[in-house]
Asker: 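Sharing a structure, written as structure tokens. Questions coming.
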Amino acid sequence: MVAEQQCVLLFADSPSESPLPGMLRRKGMEVDTTLSQDDALQKLKAKHYSLLLLDFVLIEPDSLAFLKQYKQGAHQSSLVVILLTAAIHDMKPRLDPDLVHAVVRKPTNLASLADIVRDCTTLLGERKRLRE
Amino acid sequence: MLPDASKSVLAIDDNEEILLLVRVLLERAGFTVDAVSTREDALQKFLSRRYAVVVLDWKMPHNGGLFIEHLHVNFPGSLARIVILTAVNPSSIPEEIRSSICSVVQKPFELDQFVELITECAAKNGVSSSVR
């Protein structure tokens, strides 16, 4: 039985040439990218993502409004949320742990992060198959 | 054959995404991880084998504090293996608990820092046959 391809959504708050989408795709994941909250929310509602990566330079008080709205919509299943940021000490106190599960300090080893994302999505895929 | 106790972790959290992340991170670091989401399952696991570290959500149903109290009363010395995960300010955890356990980690946790902390905790708590 072929394993279903796991989907990751990458939301970067500023355009960048991150190698992360390519790295994740080479590891077998389907990756969508977005630059806006509205688009992120639409994507989350339209497709099942296993993991949401937030690549933020700055977090404003309403930066995660889309995520709060999505979670209040009582959709499915698990969505692991990881925030990448260089401003970790500034941001951490403002993060809602019910919305963001973990943070990664930038710069970081992207290859290692890609492996972590792959392992998370693989486990989530297995769990989803067991429940179906 | 039972896994090496010095590299065994018991993770207890009612949040499935957190449990998954903890499991992925620590397994990649060479640990064997048992992940459970209820106090009853946690106690069953704790009684069944030895763990170098117990990662425990402070606010899980039935109160992480009660679980710690149970361990403190029934398994003296076991508190040094506990790492608490908490969404609230760590200073809100009673001092007598904070001073007895290995560490407190505020959610959302930083991936690399979390793995380092668990590794240090496991190294400090070399598991002997006489101490559960």
Side-chain angles (χ1 to χ4, degrees), chain A residues 6 27 49-54 56 59 64 67 70-71 75-128 130-131, chain B residues 7 9-38 41 53 55-61 63-64 83-93 103-119:
Chain A
Q6 296 304 308
K27 289 184 187 292
Y49 292 95
S50 302
L51 197 142
L52 170 63
L53 277 170
L54 305 167
F56 284 0
I59 265 215
L64 298 181
L67 192 50
Y70 171 71
K71 291 209 168 184
H75 299 275
Q76 31 97 129
S77 49
S78 303
L79 175 70
V80 175
V81 181
I82 298 175
L83 168 70
L84 285 79
T85 180
I88 206 162
H89 291 297
D90 293 335
M91 288 214 200
K92 248 193 111 172
R94 299 187 233 169
L95 294 175
D96 180 345
D98 287 332
L99 296 181
V100 176
H101 299 113
V103 295
V104 174
R105 182 196 299 269
K106 287 170 73 174
T108 189
N109 182 326
L110 289 180
S112 178
L113 177 63
D115 284 339
I116 290 169
V117 170
R118 180 205 53 208
D119 290 351
C120 285
T121 58
T122 300
L123 265 184
L124 282 164
E126 284 168 10
R127 194 171 292 175
K128 190 170 165 239
L130 284 171
R131 286 178 180 167
Chain B
K7 297 289 277 181
V9 174
L10 175 60
I12 311 162
D13 199 313
D14 62 326
N15 182 303
E16 153 177 285
E17 289 92 346
I18 294 287
L19 269 188
L20 183 136
L21 260 174
V22 167
R23 187 176 149 191
V24 164
L25 291 172
L26 296 183
E27 285 183 351
R28 286 177 52 79
F31 289 96
T32 304
V33 181
D34 285 335
V36 298
S37 57
T38 68
D41 287 344
V53 182
V55 179
L56 168 67
D57 174 35
W58 180 244
K59 285 284 184 185
M60 61 181 285
N63 196 325
V83 171
I84 286 178
L85 289 178
T86 177
V88 299
N89 190 318
S91 62
S92 68
I93 293 172
S103 193
V104 180
V105 175
Q106 191 169 6
K107 295 179 182 180
F109 55 80
E110 200 185 325
L111 297 190
D112 288 343
Q113 227 175 47
F114 178 74
V115 174
E116 277 169 25
L117 189 145
I118 299 299
T119 304

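Sequence lines set the chain letters: A, B, ... in the order given, protein chains first and strands last, and positions in each chain run from 1. Any value given below was found using the heavy atoms of this structure, including those in side chains, with hydrogens, waters and symmetry copies removed.
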Asker: Please report the interatomic distance CG(A:L95) to NZ(B:K107), rounded to the nearest 0.5 Å.
Answerer: 14.0 Å
Asker: What part of B:N89 is in contact with chain A, defined as an atom under 4.5 angstrom from a non-hydrogen atom: side chain, backbone, both or neither?
Answerer: neither
Asker: Would you mind checking which part of B:E27 comes under 4.5 Å of any heavy atom in chain A, side chain (CB onward), backbone (N, CA, C, O), both or neither?
Answerer: neither
Asker: Find the distance between CG (B:L111) and CG (A:L113) and round it off to the nearest 0.5 Å.
Answerer: 7.0 Å
Asker: Given a strict heavy-atom distance threshold of 4.5 Å, which part of A:S112 is in contact with chain B: side chain, backbone, both, or neither?
Answerer: both
Asker: In Å, rounded to the nearest 0.5 Å, how long is the span from CZ of A:R127 to CG of B:L20?
Answerer: 5.0 Å
Asker: Counting N and O atoms only, with roles assigned by atom type, does the side chain of B:E17 sit under 3.5 Å from a partner on the main chain of A:V80, one being a donor and the other an acceptor?
Answerer: no
Asker: So which of A:L51, A:L124, A:I116 has the largest heavy-atom pair count under 4.5 angstrom toward chain B?
Answerer: A:I116
Asker: How far apart are the closest heavy atoms of B:P108 and A:V100, and which atoms are they?
Answerer: CB-O, 3.3 Å
Asker: Return the CG to CG distance between A:D119 and B:L25, rounded to the nearest 0.5 Å.
Answerer: 9.5 Å
Asker: Which bit of A:D98 comes within less than 4.5 Å of chain B, counting heavy atoms only: side chain, backbone, both or neither?
Answerer: neither
